[in-house]
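Report on the following structure.
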Amino acid sequence: MPDGDKQWQQPSRRDVLKYGTAGGVSVLAGCLGGSNSTDRFRMFDAETSGALPSQRHCNPWNFAQRGAWHPGALIHDRPVVYSPAADEVYPLIATDWEMVDDTTLEFTFSDEWTWHDGEQVVADDWVMQLQLALGIMEYQAEDGERPHQFIESAEAVDERTARVSLYDPLLSTYAVRTAVADLVGDESRGIFTQHTDDQWADWHQRLHEGDEAEAETVVEEITTTNYPLLEEVVGNGPFEVADVGDNVVVFERYDDHPNADNLNFETCSVRVFENDDPTQPYTSGEVDAAHIQFPVRDDVKSQLPEEHTLVREDLSINLLFTFNCGSGVSYDTPFESANVRKAVCHVFDRQQVVQLLEGVNRMFEWPPCRVPGSVLDEGSHDATDWVEDFTLYGQNDTGRATELLEAEGYQRDDGKWFTPDGDRFEIDVMNGADRKDIGVLRENLENFGIGTNQEQVDDASFDERRHAGEYDMMPDRSSANGVVPLWGLDLVPRWLQSIAHFELEAEIPMPVGDPDGADGTKTINVEEHINQWQVTDDSEYHRELMWWWNQTVPQMEAMFQPDAGAYNAANWTLDAPEGVIDGTEDALYLIPKMEDATMEYTGP
């Protein structure tokens, strides 16, 4: 920065940084990294539509004005890096981990990491975070219920050893993934609790030593307090906060970080824009990289930088049709019947959608099976062979749809379908007017004689109604970042069941792949099956879960969207293990942190 700009160091700096103030953007462009040639690594803020940086905090348990992910995941390191796409664990602060017995996992912490105030990072820091999360979960749990499905407790054996005790045996990779996952907040993004910090220590002590009333007070405080603010946070990663404004955060390299020598640049920034699409600022050189929303539409590709390079290529997002399966809700929906759900899936004509994809989405061309489309496309998993025998929908097979509806007592008269009660068969679609696949499905259903009603509601009503089960079908989007994570216990039996309302216990025809059930049926409990798969690593559990999904279709995968990020390789070289650079959500944050990774400025 030129010497003549000394006024930027005055207390009024935040007034100048204020987003939207006169001259603010142009000044930021010159001083805070908006120019077209800079050795500052400038990232598009993935939380652009959320809280402004000046309002964010690094409290992983308060989702209001959250900053523990963006950009807190840059300035905080985590014990290990888990790649959901590769299903592999890489060392970071923890250099080693092992199952010392079937239910005890121990992590060995490096002695090279320090907090930005110079204190060493020790096992107690992470253990405090785990204990706080488990304490919150214990307060929220029903009497007699485990606070967490797998983790029973955590303790620091010594400064370098963290011990995680499990209720049940788990294989090592599953145990590590469970221990470093999000528990009730953004804990997976880093170690946020310095155990010598007075505020964290106070909450920790009161939560574990107080009575129930005190626990209620502490949980309320932890989950609503904006502590610590981003501009005051003490991190432990390769960068520390230098300046915070309403539309940008600037970070300086922390030279005592173990990987600092692999970084030949001193600053980076995360920038907020009015629009949440990173394409324009990326193509115009206002940022060097973006975490998400690539690839782009066909008509935009020519505008991308010549050295445009993707990251996170193994990650994707599923675009689905979600049915209200009717379990435990009072709403009268035709989709309480699996045969009716199957009939609608058969009526869909996915080929009509192909011409509408615009280079961003991809058709999910396989039977519903809850496996990422990118994995099936690559043929990199045994599931690619398994699904060859599964029921394929989306072929506009009106003959099969007719058989399924008639089996449920539906009748067709003069080209229109009627319910078993004699009412006109109509389906209420909640939201999705902007989804082209939903439009195609509605057209297919109308042509087949099933009426549809399109209803758009606001976000709050949408969330309330899907949890209450007050809809027939709706669109959904979900991350499909790896074969194993798609079947997480917190995801399928809990979250997904809470919006699709399916029975956790189900009958599936056997053998797998035979919808007629030549060998009869098998009763499975979805939650128990997932649990056993994680305990035994027996792929047959996974195969039967996929078959359950295919035969009950609580959701149908219609399309998938590569969930990549991008950077301009004309000025930057990023190198890391493939499982990290293409298989993790935080690739741009993780590469500067890891021993086997480098981020280098190579521009003018």
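Bear in mind that the values here come from a model prediction, so they are computed numbers and not experimental data.
Qualifying salt bridge (Lys or Arg N to Asp or Glu O under 4.0 Å) partners for Asp299, counting only residues two or more places apart in sequence or in other chains: Arg297. By the side chain to side chain donor-acceptor pair (under 3.5 Å) test, Thr598 is found to be paired with no residue, residues two or more places apart in sequence or in another chain being considered. Take Arg177 and apply the salt bridge (Lys or Arg N to Asp or Glu O under 4.0 Å) test, not counting sequence neighbours, and it matches no residue. With sequence neighbours excluded, no residue satisfies side chain to side chain donor-acceptor pair (under 3.5 Å) with Asp575. Glu358 is linked by a salt bridge (Lys or Arg N to Asp or Glu O under 4.0 Å) to Lys436, counting only residues two or more places apart in sequence or in another chain. Shown here are the side chain to side chain donor-acceptor pair (under 3.5 Å) partners of Asn275, two or more places apart in sequence or in another chain: there are none. Partners of Arg350 by salt bridge (Lys or Arg N to Asp or Glu O under 4.0 Å), not counting sequence neighbours: none found. Residues passing the side chain to side chain donor-acceptor pair (under 3.5 Å) test with Asn59, sequence neighbours excluded: none.
Counting only heavy atoms from C-beta outward, the side chains of Pro515 and Gln551 approach each other to under 4.5 Å. In this structure, the side chains of His76 and Val233 come closer than 4.5 Å at one or more pairs of heavy atoms. Inter-residue side-chain proximity for Asp243 and Val249 is flagged as unmet; no heavy-atom pair is nearer than 4.5 Å. For the pair His346 and Thr391, the minimum side-chain heavy-atom distance is below 4.5 Å. Side chains of Lys342 and Arg400 form no contact here, defined as non-hydrogen atoms less than 4.5 Å apart. Counting heavy atoms from C-beta outward, Leu230 and Cys58 have side chains that approach closer than 4.5 Å. The shortest distance between side-chain heavy atoms of Val340 and Leu405 falls below 4.5 Å.
For residues 576-593, every residue pair satisfying the salt bridge (charged side-chain N to carboxylate O under 4.0 Å, His left out) rule, not counting sequence neighbours, is listed here: Asp77-Lys593, Arg78-Asp586, Arg189-Glu585, Arg189-Asp586. Within the structure, salt bridge (charged side-chain N to carboxylate O under 4.0 Å, His left out) pairs that include any residue of residues 455-470 comprise Glu455-Arg465, Asp463-Arg466 (at least two apart or interchain). Applying the salt bridge (charged side-chain N to carboxylate O under 4.0 Å, His left out) test to pairs two or more places apart or on separate chains, those with a residue in residues 552-566 are Arg312-Asp563. The stretch residues 478-496 participates, sequence neighbours left out, in these salt bridge (charged side-chain N to carboxylate O under 4.0 Å, His left out) pairs: Asp490-Arg494, Arg494-Glu527.
Residue Pro53 comes nearest to Val248 through the heavy atom pair CG-N, 4.1 Å, listed as atom of the first residue, atom of the second, then distance. Across all their heavy atoms, Asp277 and Thr279 have their closest contact at OD1-OG1, 2.7 Å.
A parallel orientation is assigned to the rings of Phe44 and Phe273, their planes being inclined by less than 30° (bins at 30° and 60°). Aromatic ring orientation, Phe41 versus Phe265: tilted (interplanar angle from 30° to 60°). Between Trp548 and Phe502, the ring planes lie perpendicular to each other; the angle is over 60°, past the 30° to 60° tilted range. Ring planes of Trp417 and Phe448: tilted class, angle from 30 to 60°. The aromatic rings of Phe560 and Trp366 lie tilted to each other, with the angle between the two planes from 30° to 60°. Taking the six-membered ring for Trp and thresholds of 30 and 60 degrees, Phe321 and Phe348 have ring planes more than 60 degrees apart, a perpendicular arrangement.
With 3.5 Å as the limit, one finds a donor-acceptor pair spanning the side chains of Thr322 and Gln555. A donor-acceptor contact closer than 3.5 angstrom is absent between the side chains of Thr602 and Glu600. Side chains of Thr333 and Asp472: a donor on one and an acceptor on the other come within 3.5 Å. No hydrogens or angles considered: nothing links the side chains of Tyr567 and His308 as a donor-acceptor pair under 3.5 Å. In this structure, a donor-acceptor pair under 3.5 Å is present between the side chains of Thr452 and Glu446. Using modelled atom types and a 3.5 Å distance limit, the side chains of Asp87 and Tyr82 yield a donor-acceptor pair. Between the side chains of Glu307 and Asn568, not a single donor N or O lies within less than 3.5 Å of an accepting N or O.
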request  = Apply side chain to side chain donor-acceptor pair (under 3.5 Å) to Tyr90 and Asp596, showing your working.
outcome  = CA-CA 10 Å; Tyr90 304 85; Asp596 295 330; over 6 Å; no
request  = Report the C-alpha distance between Asn259 and Asn262 in whole Å, list the side-chain angles of each, state the deciding distance to 0.1 Å, and finish with yes or no for side chain to side chain donor-acceptor pair (under 3.5 Å).
outcome  = CA-CA 6 Å; Asn259 205 44; Asn262 283 338; 2.6 Å; yes
ask   = Are Gln352 and Asp437 close enough, and set up right, to give a side chain to side chain donor-acceptor pair (under 3.5 Å), and what steps lead you there?
value = CA-CA 8 Å; Gln352 289 183 234; Asp437 55 333; over 6 Å; no
query = Between Phe239 and His257, does a ring-ring contact (aromatic ring centres under 6.0 Å, His included) hold up when you go through it step by step?
reply = CA-CA 8 Å; Phe239 291 93; His257 189 273; 8.6 Å; no
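A distance of 7.5 Å separates CG in Asp389 from CZ in Arg543, rounded to the nearest 0.5 Å.
Ring to ring, His501 and His467 are not that close: their centroids are 6.0 angstrom or more apart. Centroid-to-centroid, the aromatic rings of Tyr589 and His291 come within less than 6.0 Å. Separation of the Phe335 and Phe323 ring centroids falls under the 6.0 Å cut-off.
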